[in-house]
Protein chains: 4
Amino acid sequence: MPKRVAVEIERSLRERLASGEWASTGRLPTERRLAAHYGVARNTLRKAIEGLVREGKIFRHVGRGIFVNREPSPIEQIFHVLRDVSPADLLAVRQIVEPQAAALAASHASRAQIEAIAEAHRMGCESGEIALFEQWDAEFHQRIFAATRNELLFAIHRLLSLIRQQNAWIDLKRESFGEEQRRNYCRSHARILEALRRRDDVAAEREMRLHLEETRQALFGRH
Amino acid sequence: MPKRVAVEIERSLRERLASGEWASTGRLPTERRLAAHYGVARNTLRKAIEGLVREGKIFRHVGRGIFVNREPSPIEQIFHVLRDVSPADLLAVRQIVEPQAAALAASHASRAQIEAIAEAHRMGCESGEIALFEQWDAEFHQRIFAATRNELLFAIHRLLSLIRQQNAWIDLKRESFGEEQRRNYCRSHARILEALRRRDDVAAEREMRLHLEETRQALFGRH
Amino acid sequence: MPKRVAVEIERSLRERLASGEWASTGRLPTERRLAAHYGVARNTLRKAIEGLVREGKIFRHVGRGIFVNREPSPIEQIFHVLRDVSPADLLAVRQIVEPQAAALAASHASRAQIEAIAEAHRMGCESGEIALFEQWDAEFHQRIFAATRNELLFAIHRLLSLIRQQNAWIDLKRESFGEEQRRNYCRSHARILEALRRRDDVAAEREMRLHLEETRQALFGRH
Amino acid sequence: MPKRVAVEIERSLRERLASGEWASTGRLPTERRLAAHYGVARNTLRKAIEGLVREGKIFRHVGRGIFVNREPSPIEQIFHVLRDVSPADLLAVRQIVEPQAAALAASHASRAQIEAIAEAHRMGCESGEIALFEQWDAEFHQRIFAATRNELLFAIHRLLSLIRQQNAWIDLKRESFGEEQRRNYCRSHARILEALRRRDDVAAEREMRLHLEETRQALFGRH
DNA sequence: GTGGTCTAGACCACG
DNA sequence: GTGGTCTAGACCACG
């Protein structure tokens with residue numbers, strides 16, 4: 001391989017890295033050893049390494065050596081994205097998922113699950129403080145997802161709830177949440193519940209969609 | 001109340017643990033240091049620790065020390081659930097999310113993004129091997145989610161893809177994926193792409209829904 | 001400058017490039033001459049150049065030399081972006097700009113300009129073919145911008161029109177534009193015109209906003 | 001019809017010109033080659049060309065050849081208008097666009113984008129020199145537009161910035177920009193940023209509107 | 001003759 | 001002893 005030696009070595013290093021050859025110690029041999037191993041000058045070896053460094057697959061410490069950069073697990077990567085999501089994106093996803101969850105709940109919920117949803121509705125409407133109302137509001141939506149009997153859908157909803165918890169600002173505007181708006185929410189919940197009781201999936205979907213539209217306007221006005 | 005000393009220390013350790021005092025290093029001081037700190041014998045200190053060990057909040061390695069058992073983050077817990085989700089649940093979620101993602105892509109994609117989707121379509125149809133086809137198939141769907149310009153939606157799709165990768169059996173039936181079915185998929189993709197090009201969100205949503213219905217039948221037959 | 005010689009040279013080259021020293025011929029001296037000029041080895045000189053190449057400020061041709069890469073003018077850059085804009089982004093901008101343009105027109109238009117707007121309205125409502133209707137529709141909006149007497153605002157509207165022309169797909173869905181929807185548009189135009197005639201800027205803004213909301217729903221449905 | 005030969009050739013050249021046959025190189029063949037191509041004398045060929053030269057579609061350089069006179073694109077024409085826009089028109093457009101951009105940013109910005117805006121604010125307030133302050137001021141507004149995630153809106157803002165750069169006199173009065181006014185700007189920026197952090201779109205829009213009103217008074221006094 | 005690649009050595013700051 | 005930088009030379013493919 002006289003041509004493009006550095007490229008060949010880079011490919012080789014990439015493979016050895018992926019194979020986990022250096023995973024146990026977390027470090028690569030020194031530049032000098034690697035150069036000797038491949039029978040090239042140190043400069044060439046360094047060129048071969050450059051790309052891996054730029055991609056963050058390895059990193060170098062002067063005087064210490066070259067280290068493998070443990071890749072963040074896919075879940076860590078996703079988690080990182082989730083922490084930085086905009087309110088608009090979050091609401092858009094809710095508008096996609098929640099109406100259809102309501103429809104699924106209408107056809108899959110047990111009687112007990114519907115009663116649990118009804119309880120969350122009643123507690124929310126009766127609660128005096130805003131904080132308590134919000135808690136029961138969250139519970140209302142959560143129980144609808146539980147009633148879909150789709151564990152994945154339920155997990156996704158828990159994920160969305162988590163984002164809302166970690167980004168307090170998302171619901172911040174609700175602090176200016178008036179008594180009137182609260183009564184509106186209560187009425188919307190009542191209509192969703194009504195549809196679920198009737199096992200009317202079309203109506204459940206529609207009412208949930210309208211409720212989220214109402215939420216959107218409370219949060220973003222006319223945008 | 002000399003006998004209650006251990007209980008007091010346990011309470012103290014519990015608080016310090018919860019406060020995150022040892023979260024950074026992930027380890028507690030040695031038993032000897034802790035005993036000295038509280039001014040008690042090592043035996044007493046060990047009694048105070050026992051409960052925490054039983055609850056799994058800390059664990060001991062002989063000769064190494066006492067370590068904090070970092071609780072799995074809520075997201076890790078959620079992810080744990082995701083690991084054994086049923087194929088039916090997964091498909092149901094896809095049927096909820098993907099058609100609406102296609103609709104969003106129709107209105108939010110840049111021209112370049114639509115061309116990227118077209119490329120994935122073309123490569124998929126042209127690829128000879130099944131493995132290659134599946135790769136471009138996944139890419140096709142992924143690029144549609146990217147074109148929605150909703151980072152959260154995109155992250156959720158990556159999550160679903162991850163589940164499919166880690167539960168290879170979910171798509172098991174696809175191994176019996178015939179040439180005819182592949183041509184059908186190709187045609188479906190073409191229709192979705194066509195709708196995206198026309199920026200027709202209603203058609204994009206419909207074609208994606210039909211495509212997933214086709215997938216459902218390939219996986220589960222007609223029920 | 002014994003330390004980081006390459007960095008120093010890069011800085012120098014960057015300055016000379018920006019000063020236009022090589023703009024007339026469009027090419028730099030050879031690597032060998034540059035290295036001699038700075039009194040360094042060719043390798044070092046190459047390292048100094050690398051960054052400029054990556055940024056696209058210069059490019060190299062084997063056997064020919066190093067060339068200056070003429071930077072696209074800001075207007076070319078903007079134009080490039082405009083060609084790749086999504087329908088959603090375009091509509092959002094219209095929703096920002098047009099209602100306020102209508103309000104400005106209400107207070108700044110001459111009587112003749114309002115009559116010109118009225119003419120576009122009348123011609124649109126009367127026109128039999130869709131193509132003709134669309135032309136007069138565009139004219140209606142354009143004349144409102146002209147009536148704001150703000151040349152910049154008018155220019156921006158022409159820019160938006162240009163984008164729509166160059167991206168035929170943006171209005172493609174209007175081909176499925178029914179007779180009923182057309183009558184709705186006609187009624188909306190009438191209400192906007194009415195407000196302009198009354199010199200009621202608040203009403204003009206509101207009616208234009210409602211009209212664009214109507215357009216949004218025609219294009220994107222419920223997204 | 002031998003006399004009409006020139007007319008025929010002119011028609012042919014016109015077509016070939018419109019077809020873009022010579023658009024890539026920007027130049028036509030030499031007169032001699034064209035004459036040979038059409039099988040006519042150079043005199044006839046020159047006659048055929050005359051009209052095109054008079055219309056400015058092509059132009060001749062003695063000793064160099066015949067060149068296509070690329071017509072300015074519609075966007076270049078629009079840009080030409082923009083070059084001498086009045087300060088009042090520019091400010092009016094900013095007053096239309098920027099408050100709504102701020103509102104959009106409140107709902108669409110990622111956390112990282114809001115931090116970038118905060119950085120521009122902080123750097124502006126801390127900077128000693130006026131020139132530096134103005135640079136960070138521009139950056140503050142630019143980053144808000146970036147945070148809207150609307151590429152068209154961002155491009156329009158870049159266009160407005162370009163106009164301001166090329167018409168330095170538009171902001172001329174700012175040279176008499178006192179320390180007090182600067183502190184006011186800083187406070188306004190702080191209030192806008194505060195609203196963005198709270199994700200309060202209504203407040204963000206209002207604070208931006210007040211800030212631009214403040215700018216208007218600094219430029220034009222109270223009229 | 002040009003840029004692209006490589007060699008075999010050297011000294012440096014840092015750990 | 002490690003990675004970071006640099007030298008002075010060489011041969012290559014390509015124009």
Side-chain angles (χ1 to χ4, degrees), chain A residues 1-18 21-71, chain B residues 25, chain C residues 1-17 21-71, chain D residues 24-25:
Chain A
M1 42 179 173
K3 267 198 293 189
R4 307 258 171 151
V5 185
V7 176
E8 273 310 300
I9 294 172
E10 183 178 343
R11 202 189 44 70
S12 161
L13 289 172
R14 223 174 265 280
E15 266 177 22
R16 294 172 72 183
L17 203 57
E21 182 175 341
W22 302 301
S24 60
T25 61
R27 67 192 300 168
L28 278 68
T30 67
E31 288 183 353
R32 283 167 179 84
R33 287 184 66 91
L34 283 171
H37 171 78
Y38 286 109
V40 297
R42 236 185 97 206
N43 254 341
T44 306
L45 191 276
R46 281 182 62 79
K47 199 166 255 177
I49 273 179
E50 215 95 307
L52 296 166
V53 172
R54 240 183 294 120
E55 295 170 25
K57 303 212 176 199
I58 60 176
F59 54 92
R60 295 178 285 200
H61 271 300
V62 181
R64 296 184 54 205
I66 309 172
F67 299 85
V68 179
N69 195 359
R70 189 184 65 81
E71 196 150 338
Chain B
T25 61
Chain C
M1 43 183 173
K3 265 199 292 189
R4 307 259 171 153
V5 185
V7 176
E8 273 310 300
I9 294 173
E10 183 177 344
R11 201 189 45 71
S12 162
L13 288 172
R14 221 173 266 280
E15 264 176 24
R16 294 172 73 182
L17 202 58
E21 181 174 342
W22 302 301
S24 59
T25 61
R27 66 193 300 169
L28 278 68
T30 66
E31 289 183 353
R32 283 167 179 84
R33 287 184 66 89
L34 283 171
H37 171 78
Y38 286 109
V40 298
R42 236 185 96 207
N43 254 340
T44 307
L45 191 275
R46 281 182 62 80
K47 198 165 255 178
I49 271 179
E50 215 95 307
L52 296 166
V53 172
R54 240 182 294 121
E55 295 170 25
K57 301 211 178 204
I58 60 176
F59 54 91
R60 295 177 284 198
H61 271 301
V62 181
R64 295 184 54 206
I66 310 171
F67 300 84
V68 179
N69 196 358
R70 189 184 65 80
E71 195 150 338
Chain D
S24 59
T25 60

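The chains referred to below are lettered A, B, ... by the order of the sequence lines, with proteins before strands, and numbering in each begins at 1.
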Open item on the list: With a 6.0 Å cut-off (strictly less than), is the heavy-atom count around CZ of C:Arg27, excluding the residue itself, greater than 12?
Closed with: yes
Task: More than 12 heavy atoms of other groups within 6.0 Å of C:Arg33 CZ - done: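 Check fails, neighbour count at 12 or below.
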Distance-only criterion, 3.5 Å: show the donor-acceptor pairs between side-chain atoms of residues 48-62 of chain C and protein atoms not counting sequence neighbours.
unit_1	atom_1	unit_2	atom_2	d
C:Glu55	OE1	C:Arg14	NH1	2.8
C:Glu55	OE2	C:Arg14	NH1	3.2
C:Glu55	OE2	C:Arg14	NH2	3.1

Open item on the list: If you compare all heavy atoms of A:Leu28 against all heavy atoms of A:Phe67, which two are closest, and at what distance to 0.1 Å?
Closed with: CD1-C, 4.4 Å
Any side-chain N or O of [X] below 4.0 angstrom from OP1/OP2 of [N]?
{"X": "C:Arg60", "N": "E:dG4", "result": "yes"}
{"X": "A:Arg46", "N": "F:dG4", "result": "yes"}
{"X": "C:Thr44", "N": "F:dT7", "result": "yes"}

Task: Proximity to the side chain of C:Val5 - top-ranked nucleotide from E:dA8, F:dA8, F:dC6 - done: F:dC6
Task: Duplex segments of DNA chain F, taken as runs of at least three Watson-Crick or G-U pairs that stay under 3.5 Å - done: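 Stem list for DNA chain F: E:1-14 with F:1-14.
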TODO: Report yes if some heavy atom in the side chain of C:Glu15 is under 4.5 Å from a heavy atom in the side chain of C:Arg11; otherwise report no.
DONE: yes
N/O-N/O pairs, protein side and nucleotides 9-11 of chain E side, under 3.5 Å:
unit_1	atom_1	unit_2	atom_2	d
E:dA10	N6	A:Arg42	NH1	3.4

Open item on the list: For C:Leu28 and A:Ala41, find the nucleotide of DNA chain E closest to each by heavy atoms; which residue's nucleotide sits nearer the 5' end?
Closed with: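 Between the two, 5'-proximity favours C:Leu28.
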